[in-house]
Peer 1: 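The following block contains the structure, expressed as structure tokens.
All values below were derived from every heavy atom in this structure, side-chain atoms included, with hydrogens, water molecules and symmetry-related copies excluded. Letters A, B, ... mirror the listed sequences (proteins, then strands); counts begin at 1.
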There are 6 protein chains.
Amino acid sequence: MFNGFAQDFDSSEVVLFGSPFDGTASYRAGSRFAPMEIRNISESLETYSPYLQLDLQDYSLHDAGDLPLYAAANDVENILDKIEAFASHIATQGKKPLMLGGDHLTTLPSIRAVFRSYPDLCVIQLDAHTDLADKFMGDALSHASVMRRVWDFLGDKRIFQLGIRSGPGEEFRWAEGRTYLYPFNLKKINSVVEAVGGRPVYLTVDLDVLDPSVAPGTGTPEPGGVFFHELLETLMACRSLNIVAADLVELAPHYDHSGASTVAAAKLVREIAGLMVI
Amino acid sequence: MFNGFAQDFDSSEVVLFGSPFDGTASYRAGSRFAPMEIRNISESLETYSPYLQLDLQDYSLHDAGDLPLYAAANDVENILDKIEAFASHIATQGKKPLMLGGDHLTTLPSIRAVFRSYPDLCVIQLDAHTDLADKFMGDALSHASVMRRVWDFLGDKRIFQLGIRSGPGEEFRWAEGRTYLYPFNLKKINSVVEAVGGRPVYLTVDLDVLDPSVAPGTGTPEPGGVFFHELLETLMACRSLNIVAADLVELAPHYDHSGASTVAAAKLVREIAGLMVI
Amino acid sequence: MFNGFAQDFDSSEVVLFGSPFDGTASYRAGSRFAPMEIRNISESLETYSPYLQLDLQDYSLHDAGDLPLYAAANDVENILDKIEAFASHIATQGKKPLMLGGDHLTTLPSIRAVFRSYPDLCVIQLDAHTDLADKFMGDALSHASVMRRVWDFLGDKRIFQLGIRSGPGEEFRWAEGRTYLYPFNLKKINSVVEAVGGRPVYLTVDLDVLDPSVAPGTGTPEPGGVFFHELLETLMACRSLNIVAADLVELAPHYDHSGASTVAAAKLVREIAGLMVI
Amino acid sequence: MFNGFAQDFDSSEVVLFGSPFDGTASYRAGSRFAPMEIRNISESLETYSPYLQLDLQDYSLHDAGDLPLYAAANDVENILDKIEAFASHIATQGKKPLMLGGDHLTTLPSIRAVFRSYPDLCVIQLDAHTDLADKFMGDALSHASVMRRVWDFLGDKRIFQLGIRSGPGEEFRWAEGRTYLYPFNLKKINSVVEAVGGRPVYLTVDLDVLDPSVAPGTGTPEPGGVFFHELLETLMACRSLNIVAADLVELAPHYDHSGASTVAAAKLVREIAGLMVI
Amino acid sequence: MFNGFAQDFDSSEVVLFGSPFDGTASYRAGSRFAPMEIRNISESLETYSPYLQLDLQDYSLHDAGDLPLYAAANDVENILDKIEAFASHIATQGKKPLMLGGDHLTTLPSIRAVFRSYPDLCVIQLDAHTDLADKFMGDALSHASVMRRVWDFLGDKRIFQLGIRSGPGEEFRWAEGRTYLYPFNLKKINSVVEAVGGRPVYLTVDLDVLDPSVAPGTGTPEPGGVFFHELLETLMACRSLNIVAADLVELAPHYDHSGASTVAAAKLVREIAGLMVI
Amino acid sequence: MFNGFAQDFDSSEVVLFGSPFDGTASYRAGSRFAPMEIRNISESLETYSPYLQLDLQDYSLHDAGDLPLYAAANDVENILDKIEAFASHIATQGKKPLMLGGDHLTTLPSIRAVFRSYPDLCVIQLDAHTDLADKFMGDALSHASVMRRVWDFLGDKRIFQLGIRSGPGEEFRWAEGRTYLYPFNLKKINSVVEAVGGRPVYLTVDLDVLDPSVAPGTGTPEPGGVFFHELLETLMACRSLNIVAADLVELAPHYDHSGASTVAAAKLVREIAGLMVI
């Protein structure tokens, strides 16, 4: 159980669950192990956030465990269906899903499920990579195409991409007019918050938005990312937003020999959960 | 280039190639990186084998590099087709394929290709696991079902399994009368060699047949395996066999922090290549 | 949950529990993390043992989780009391405790609890170290004095020590006539089994009885230990014994970068559990 | 010997010593190995500081080695007494103790000893954690309660805490009016320097004040810390202070696979020593 | 092949080559493995730079592989001669050499070769260390004396040193009036760019200019370095320069367990190559 | 200080010293760090050997520390001269040198020094590699040529090589009639002991004679080596020999992440020292 998520499903406002699937990881796999390791290391953190000045124990938070996915399944669509079903199960009851990936493709079914409950949903993506491939290595369903697939149903100007510092040139160009792509850092968060206004928000955090010095334990580390305190400040800038769902993806704990990436992920989960209840 | 495989394709008797695909790894992935790392570390080994008393440099050996596979492809059958095509390309010219996996599923297309050239093919599998699942987690194509899929076309009593020490009870029972399954160690190799006689042999070595002390860098380490010298002696016992193709699979180099697993794999490749040319 | 220990407490014959305390580790600490990591990696193992030809799923086995101990407590006696209370809770109901340490001192309260239910209890200790210090660095309660403390209440000729290859000279000499100390390896197991006969047995396995090549992830690795298959054969030689309780201690998973030590521990737990139910 | 601390005890102004005790580490232990590893890696650093523009070799610095503590002793008070005795031995001769921990509890006896020589002592604590627990897991003597114990004898408004970003909510609240707690970063150092004025200062640096990207090798890494250059600038801002004693604690070198944390610790020791002699 | 360097030698403007020699590494060796590992990990990066908004695939770039050096040769001068010969081979054809070291001494012959083609050559050195020893441990040819040896033939005021934060006091003093030494960070890059003007530039990047949090995989990590984005911005500030040759040295990949240092090196190579062709 | 080597130089029979030079390591360097790490880890071992039934503390053993060598010196001959001088200093006083390398080349000056005191000296080499190159990569002074250089002055049939399992074919052939080369294992030790008889013996142990599972932390791991207990039994078979000097070389501790190789080296040193005093 994630430290502080001790309430039962029915009484909870936020429901945490894991999607341990990394079958589309193109470079280094292993985010299948992320939900387990994030929970384990959460014990080393306080449940009190001095940033938000709240204690998770004072809120209604449930940890539903991991979905019984098979990390290396051949049938990717079936995996995505399972995630979508569970996220729907949460969202349709007015609760807020908080998913631990898995590779970034696990975000697709989660957003799709939430979108059905919130047709005016906006997506804020904190990430190193564009993830806008129409097909990646021939596959339409890939961690590298996830935002393109989200765009397929969300349409133009609903996706806000921050921290992006890697991708093919054509994806950067494709994004123009379709998504709001703010490259290299998170400094535009206040503009984003203003643009989003009161609309419901799905927040997806790809851990590789952090610099590899902060989070080396990820599938495709990309130098030049943001620091932990910058990401934290960005989250704090989102306090006024109506975050109805969120996820944190792409931690690959087996490449995180010191535990620093994993504890960073866990602390982000604590703060995101705080944002979802205040 | 693997150290000592300096000849060109046309003049070579043995053709080495890599199949960097690990999309069906159920526990820890990473054998996608094996061919590259085996080649790199082969530089630390001599080309001379004091066991076989031969030098690879005196033989016609070609390294064809890696097939352009995508390690995390959704379309597994397409990956297997590519491997099968290249193995056929080698075998139909009377050359001997020597494949570096990849997870154990990569063995399936390689055997299938060789089988077409050698209808009386026998398979010797050195492995920790039965790999006889009809379906594994719902998938008929999996590293855990590879020998079942080989049996589908090879039929009864053509597969010799040694070193097996893990699997569901029903797979051990299923094997009876269908494969020759010699559990726990490699001591029955002489019986196997005698039974095989002059028939063409495909030798598949799953690195996890070795004890995890010897080869920790593998997807599913299984304690209680054989030592390197035992595996080496087993290979030496195969000198009289007509090995027409071989592979070495399931090295996951990112779990091999000291390099010991990787250099073990490379040395096995050297010795197997020697067996294929003497 | 340890893979295969899915039954509830009341209906179970064997009850697994963790004692995550390593406060007396003299060289490298970290066995506090062992129960958690053993459970995690148990998912990579089958529940079927081809050695015992049984499947854990066919037996009544319960995993009670970890005792709420504080790994670095100042008050060691209080920790030991908690372990003793829980082991008593199991043993007095005719169930068999199977404890995951923690450092070797956690064995003391567990044996003490079992001893009350079985006054003719024998102890078989598989270990690299004598653990017979009267005081270690001034402390009477230490992983290095645990067998001396057991002797305090069990008396002469009830403790069988195998695999011992390290200790002060005076401890080797002290053992003469008091314990049965068989140094260096496990070859005397058959004599031990015969000597023990039908008496109830507490089996304590210090993971460092294994060679550091097999189990580097331990507090005080001692070169020259036994191999996994030797330890496995030793366990198999104990089939006829009446094992009423057991433990496995001193895995320090943070020194086990490849997972090989941890999976060895988990496989031993599976086999020991099998011995306790056949 | 720490590089540059080549003078004898009697002639030295600063005396370095190690307190290799980590018996109260609540999450990951191992600071027992810190003094040894800091000394080892100090050889890779110059003795010249370009920040302070001085060379340690030009000053009177002695390395007294490690106190003969037992890292896992049951009797914590006895350990603390030994540290206090040695720190007193240094301070009462007008020399300045510079201690290498050990876990943060080792700071308690060191401050207590120095306090007897300097009744108007102030303490500057650079740390991620409040360390203000009255009892931690039932123990009054713990790394997590060290500053509360110091407050017990030092009283209100003598402790300056900077960089604090973790702790239970009640500790943050307790601190109000009792300590000067400046959360999240070190930017208030100039106010602190001004407030302290000419009073004697004990400087205690918990390595985890640094971000885990900079110093992953610590017991309880807490994301969102300060960078090395910020800590360095903070030390430089202390030039005018009368630092009569100092320590650096909580390096856990076995979690520092690259050596980066350890060399950071060593460089801090060099700079702190410089501050104590200029 | 470095990702994107697919053109042949004759048609290329920039020629990449490796000098896998680390025989003078004084603390931790291993940069001999850098060129191989940088190439391997370059596959995980895009060939498109969003910073320079160009794609390497649109330019004429050749990867000439590694020079056949022996990393531990006794005859250092012979090694240097081989590097100088190959760099000359490139430079005299009007192409731009881009060398992957190796330890920093490999820079000496490369600069010497380029200097013959460009007598008004300036050198920009981004580094943690002064590298100005006349002799280091008795050796005139050492990674720690490389800039002194370059000064021997380049003379005063042709070397610009940025990021320097370690060295003996006498080297800092020696530099005055002879080199432009800007300590601690890279903020003076604009002054340097202005001072250099249109003269041809050799850019040498010692990876240890980065903070050890960013690049722990180096021979002598020196805390307090610059971040990746600062180094990147410094490179961008060099756009207007006439960079006729460059190198990146001192990556020691075996100390880079997570790959973060190696991918940082590879991304720098991509950007430096971009600077050399725009 | 190596645990148990507490006596002063003058009163000691055996003098331990370190030669931290690895400048000729051809694959992975790092044995320069071996003496320091062996001493550090020796604290985790008892001073009592249950194999020899003696305690080092009862004998006259001195640890002279490390020679002030520069691991990466250009002038190899100068390094060798320093080692030879110190070994002579020991041997000419009738004491027995026990050297910790360093790469295997450090053995050359040590044997040369001892040979002057014992003209009928025999050498027993336990090693994976032939080390009989006349020149290695052009160098006559190399770890790979050390036994050839020893043969230069010792002549035919004075060198006994056991465990050898790697080398160029021509070195195996060259050895015939010149050295006694027993390949693959140590089983011929009794013949060697008999052949040597009462002549003075220099025992050189290259740690890579052990299997990489036992000692992965070495420069050039070579699969198929001996186990620790086999090496130990081989040492015990040497009890009757007159060992006048010894060394242990080629531990590369930075590749020994678990410490298993290092503690194996330390335990071997303890047993070798025991052999030298009984």
Peer 1: Short question: side chain of Asp63(E), backbone of Phe5(E) - any donor-acceptor pair under 3.5 Å?
Peer 2: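 Absent.
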
Peer 1: Between Leu251(E) and Gly217(E), which heavy-atom pair has the shortest distance, and what is it?
Peer 2: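 Reported closest heavy-atom pair: CD1-O, 3.4 Å.
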
Peer 1: Return one line per donor-acceptor pair between chain E and chain A under 3.5 Å, naming both atoms and the distance rounded to 0.1 Å.
Peer 2:
residue, atom, partner, partner atom, Å
Ser258(E), O, Arg28(A), NH1, 2.6
Ser258(E), O, Arg28(A), NH2, 3.4
Lys267(E), NZ, Glu222(A), OE2, 2.7
Lys267(E), NZ, Pro223(A), O, 2.8

Peer 1: Would you call Glu13(E) and Lys96(E) a salt bridge, taking side-chain N to carboxylate O under 4.0 Å as the test?
Peer 2: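 Yes, this pair counts.
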
Peer 1: Using non-hydrogen atoms and a 4.5 Å limit, figure out which bit of Ile41(E) sits close to chain A: side chain, backbone, both or neither.
Peer 2: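 When you check distances to chain A, atoms from both the backbone and side chain of Ile41(E) fall under 4.5 Å.
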
Peer 1: Closest heavy-atom contact between Leu275(E) and Leu235(E)?
Peer 2: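 Smallest interatomic distance, heavy atoms only, reads CD1-O, 3.4 Å.
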
Peer 1: Of all the heavy-atom pairs spanning Gly102(E) and Pro35(E), show the shortest one and how long it is.
Peer 2: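 Between these two residues, the closest heavy atoms are N-CD, 4.4 Å.
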
Peer 1: Would you call Phe227(E) and Val214(E) a side-chain contact if the rule is heavy atoms closer than 4.5 Å?
Peer 2: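 Yes - at least one pair of side-chain heavy atoms lies under 4.5 Å apart.
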
Peer 1: Let's test your reading of the structure: which of Pro216(A), Pro168(A), Pro221(A) forms the most heavy-atom pairs below 4.5 Å with chain E?
Peer 2: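 Answer, by heavy-atom pair count under 4.5 Å with chain E: Pro168(A).
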
Peer 1: Can the ring centres of Phe9(E) and His62(E) be said to be less than 6.0 Å apart?
Peer 2: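 Ring-ring flag for Phe9(E)/His62(E): true, centres closer than 6.0 Å.
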
